[in-house]
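As a basis for the values below, the full set of heavy atoms in this structure was taken, side chains included, without hydrogen atoms, waters or symmetry mates.
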Amino acid sequence: MPMATGITVTNQDIAKILREIAELLEIKGETYFKTLAYTRAADTVDKLDFNLSEVKGEEELRQIKNIGSSIARNIWEILQDRECQKHRELLLQFPPTLLELLEIPGLGPKRAKALFESRGVRSIEDLVVLIKDQGLRDLPGFGEKTEQNILRGIEQYRRHRERLTIFRADSISRRIVEELRRRTGLELISPAGSLRRMRDTIGDIDILAGSAERPYVIGEFCNLSSAYEVLARGDTKSSIRTADGIQIDLRVVERDRYGSALMYFTGSKEHNVQVREIAVALGYKLNEYGLFERASDRLVVSATEEEIYGRLGLQFVHPYLREARGEVEMAKEGKLPRIVSLEEVRGDLHVHSTYTDGGNSIKEMALEAKRMGYEYVGLTDHALNLKVASGLTVEVLKRQFEEIDYLNEKLGGIRILKGSELNIGLDGSVDYDPEILAQFDFTVASIHGGFGRSREEQTQRLIRAMENPYVTIIGHLTGRIINKREPYQLDLEAVLEKAAETGTILEINSFPDRLDLKDDDIFRARRYGINFSLGTDAHSTQHMELIRFGVATAGRGWLEKKDLINTYPLPELLKIFGRKRARL
DNA sequence: GCCGTTTTCGGCCCGACTGTTTTCAGTCG
Ligand SMILES: Nc1nc2c(ncn2[C@H]2C[C@H](O)[C@@H](COP(=O)(O)OP(=O)(O)OP(=O)(O)O)O2)c(=O)[nH]1
Ligand SMILES: [Mg+2]
Ligand SMILES: [Mg+2]
Ligand SMILES: [Zn+2]
């Protein structure tokens, strides 16, 4: 196993270098298709469900799609010493800061090349100075408007680089769709892009409309109260930006093209490309206006996504699966997973009450669970050692159990499960004595401190915790908080292996700022045969609806009903909870 | 640079919008 100085090279490290090679080659002016090869290799590496650091040699690398002998050599070099010759050479010709320029909306490789070669621009800093000194005025291809656009682009780059949480994007898109409906009477309108695919973070908000009056709809879109700036306005699409710097793209097509347009606009880009390649191989052409016979340009189908996938000999691909992770091959073979759905979920397995830092009583949480049609709700107030959230003492716990017993008898139609959110200490230990732990129906153990520990320590901590027979579930495993905190360093593969070995369940924390485990990690975990649980981490009744984001994340990780314990009827759920304790 | 149950050469997804290009390149979706 090739090891770099101490730390293993991740697939993402490799993908980043390959992507930089692609970008630098584009700037250099290399043949487009050669740069495309590097981009495709980077995309492929990004989505692999195993670590390239486990690979034995270049031969094995070449078996991977989009990796041939050149790129295999590059990757092998990167695995040895975190760098490859090709990348090093390019960085001798171009400063790494030149790549910043490509982040500016409207500025691509061609203009970056021109700026670097004829004006010596090496960074965004340089570009700002150049523009101030009127240095763009006599550069061919850079007119007055281009200069203004670049300045606006730089401002945008500096002000707003973070992707949105799915929750924020979802709320904004609902508002926009509602307002457009109200103004135009549109019926055919829906979110598309990464929002429809329910990615954990969203770059921009994409909305599709079907209408016979396209200019009218576009006009109303540009008149929206939230349209702070109109970025583009054409016959079929338009982009606006809100005062908060959020971009919203609208695409409008004729109503009978809605299916093909939705398919196009939902993406992902890589999924689209793969499906379009299949169309080409079958003598068709696929675009947002429909599926066409290539020779005659005759329209075959366009109304629904189902028809298009069908004509291409593919199973319908759920939007959550459209990430170019092998779903197109599976659809061809009829082997797509039947991903878990919201209706199959029978309960929430991570909620808090006023006993600790929640805003609603146990009764209120239970009634909300019942209203949502659940069979059970797992109450997991914070355990003793979390002082900042007034973790429960044994005495208070006793009272809580009595209240739960009382409510379970009185309410009917909903079972409150006795749980606890245990704190994993630095040594992997958890709160309470075994006699107390044995009284819970289940526990969720999570890390609430010591985030900065080394990868080795963090991994050992989690492994110790999983060896504890009373730890049923590991909560928010990686500790990431989107746009706020990076995940802790840990050896995910080792943790997954241990979870499988000990029968420990892994949580998909459904709170939109966490979504932890995330879709990629869940996808990787599939081959270990691990069970997963969903919990909203609700601190009030309003949070309980956030379960839908967890279900989407599970689906995006290709989980089926059987993989998710929240789909089990109560008796089976309790059996699963008891299994680990019995075994260890 | 990568790839191939029709191909080892000749393709590589396909289209919209903007700007200054007088006929289309650059960038983005
Ligand atoms: N066929 C094709 N479709 C594309 C291409 N680029 C984008 N699309 C489609 C698929 C995308 O999901 C959709 C919206 O584009 P976006 O750039 O907004 O990407 P997306 O929403 O997937 O991700 P985001 O969260 O916005 O970064 O447009 C492309 O190069 N070819
Ligand atoms: Mg988008
Ligand atoms: Mg977009
Ligand atoms: Zn919690």
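B/dT27 atom P lies 9 Å from atom CD of A/Glu26, rounded to whole Å. In this entry the distance linking CZ of A/Arg322 with C1' of B/dG29 reads 16 Å, nearest Å. What separates CG of A/Leu139 from C1' of B/dG19 is a distance of 15 Å, to the nearest Å. B/dC2 atom P lies 11 Å from atom CD1 of A/Ile21, rounded to whole Å. Per the geometry, CD1 belonging to A/Ile104 stands 18 Å off P belonging to B/dG26, to the nearest Å. Taking atom NZ of A/Lys65 as the reference point, atom P of B/dC3 lies 9 Å away to the nearest angstrom. For the pair A/Lys110 NZ and B/dG19 P, the computed distance is 19 Å after rounding to whole Å. The nearest whole Å value for the distance from the CD1 atom in A/Ile207 to the P atom in B/dG29 is 15 Å.
Across all strands shown, A/Ile64 has heavy atoms under 4.0 Å from sugar-phosphate atoms exclusively, and none from any base. Within the 4.0 angstrom heavy-atom criterion, no nucleotide atom of any strand lies near A/Ser239. In this structure, A/Val275 reaches neither bases nor backbone, as no heavy-atom distance under 4.0 Å exists between it and the strands shown. In this structure, A/Gln274 reaches neither bases nor backbone, as no heavy-atom distance under 4.0 Å exists between it and the strands shown. Here A/Glu144 lies in heavy-atom contact (under 4.0 Å) with sugar-phosphate atoms only.
Of the candidate nucleotides B/dG1, B/dG15, B/dC13, B/dG1 has the atom lying nearest to any side-chain atom of A/Ser70. Nearest to the side-chain atoms of A/Lys237 among the listed nucleotides B/dG15, B/dC14, B/dG19 stands B/dG15. Of the candidates B/dT18, B/dG15, B/dG1, the closest approach to any side-chain atom of A/Ala37 belongs to B/dG1. In the set B/dC2, B/dT27, B/dG29, the nucleotide with an atom closest to the side chain of A/Gln247 is B/dG29. Listed nucleotides B/dT20, B/dG1, B/dT18 differ in distance to A/Lys145; the shortest reach to its side chain belongs to B/dT20. For A/Glu277, taking side-chain heavy atoms from C-beta onward, the closest of the listed nucleotides B/dC14, B/dC12, B/dT18 is B/dC12. Comparing B/dC13, B/dT20, B/dC17 by their nearest atom to the side chain of A/Arg40 picks out B/dC13. Taking every side-chain heavy atom of A/Ala232 into account, B/dT18 is the closest of B/dT18, B/dG26, B/dG29. Comparing atom distances between the A/Arg294 side chain and each of B/dC14, B/dC17, B/dT20 picks out B/dC14 as nearest. With B/dC2, B/dG19, B/dC13 as the candidates, the nucleotide lying closest to the side chain of A/Val273 is B/dC13.
Comparing A/Lys34 and A/Gly143 by the nucleotide of DNA chain B whose heavy atom lies nearest to each, the residue mapping closer to the 5' end is A/Lys34. Across the interface with DNA chain B, nearest-nucleotide mapping of A/Ser238 and A/Phe33 shows A/Phe33 to be the residue nearer the 5′ end.
Distance noted for atom C1' between B/dG10 and B/dT6: 15 Å (whole Å). Spacing of P atoms, B/dC17 relative to B/dT21, comes out at 22 Å, to the nearest Å. For B/dT20 and B/dA16, the P atoms lie 22 Å apart once the distance is rounded to whole Å. Straight-line distance between the C1' atoms of B/dC9 and B/dG15: roughly 28 Å, to the nearest whole Å. B/dC2 and B/dC13: their P atoms are spaced 16 Å apart (whole Å). Using C1' as the reference atom, B/dC3 and B/dT8 are 9 Å apart when rounded to the nearest Å.
Distances shorter than 4.0 Å separate some side-chain N or O of A/Tyr289 from OP1 or OP2 on B/dA16. Contact annotation: A/Thr146 side-chain N/O to B/dT18 OP1/OP2 distance is not under 4.0 Å. Between A/Asn287 and B/dC13 there is no side-chain polar atom (N or O) within less than 4.0 angstrom of OP1 or OP2. Here A/Asn272 does not reach the OP1 or OP2 of B/dC13: none of its side-chain N or O atoms lies under 4.0 Å away. For B/dC17, one of the phosphate oxygens OP1 or OP2 lies less than 4.0 angstrom from a side-chain nitrogen or oxygen of A/Thr236. Side-chain nitrogen and oxygen atoms of A/Lys285 include at least one within less than 4.0 Å of the OP1 or OP2 phosphate oxygen of B/dG15.
Remark: the A/Tyr264 side chain and the B/dG29 base include a donor-acceptor N/O pair separated by less than 3.5 Å.
For A/Arg196 and A/Glu305, the salt-bridge test passes: some basic side-chain N is under 4.0 Å from an acidic carboxylate O. Of the charged side-chain nitrogens involved, none lies within less than 4.0 Å of a carboxylate oxygen, so that A/Arg524 and A/Asp519 do not count as a salt-bridged pair. With salt bridges taken as basic N to acidic carboxylate O contacts below 4.0 Å, none links A/Lys285 and A/Glu293. Between A/Asp200 and A/Arg480, at least one side-chain N (NZ, or NE/NH1/NH2) sits under 4.0 Å from a carboxylate O, which counts as a salt bridge.
No side-chain donor-acceptor contact under 3.5 Å links A/Tyr284 to the backbone of A/Ile278.
Taking the six-membered ring for Trp and thresholds of 30 and 60 degrees, A/Phe116 and A/Phe94 have ring planes inclined between 30 and 60 degrees apart.
Under a cutoff of 6.0 Å and an axis angle of 45°, A/Arg526 and A/Tyr528 do not form a cation-pi pair.
Under the Watson-Crick and G-U wobble criteria, each requiring two contacts below 3.5 Å, nucleotide B/dG4 is paired to B/dC9.
Taking the O4'-C1'-N9-C4 or O4'-C1'-N1-C2 dihedral as appropriate, B/dT7 has a value within 90° of 0 and is therefore syn.
Here A/Arg276 contributes atom CZ and A/Leu312 contributes atom CG; the two are 11.5 Å apart, rounded to the nearest 0.5 Å.
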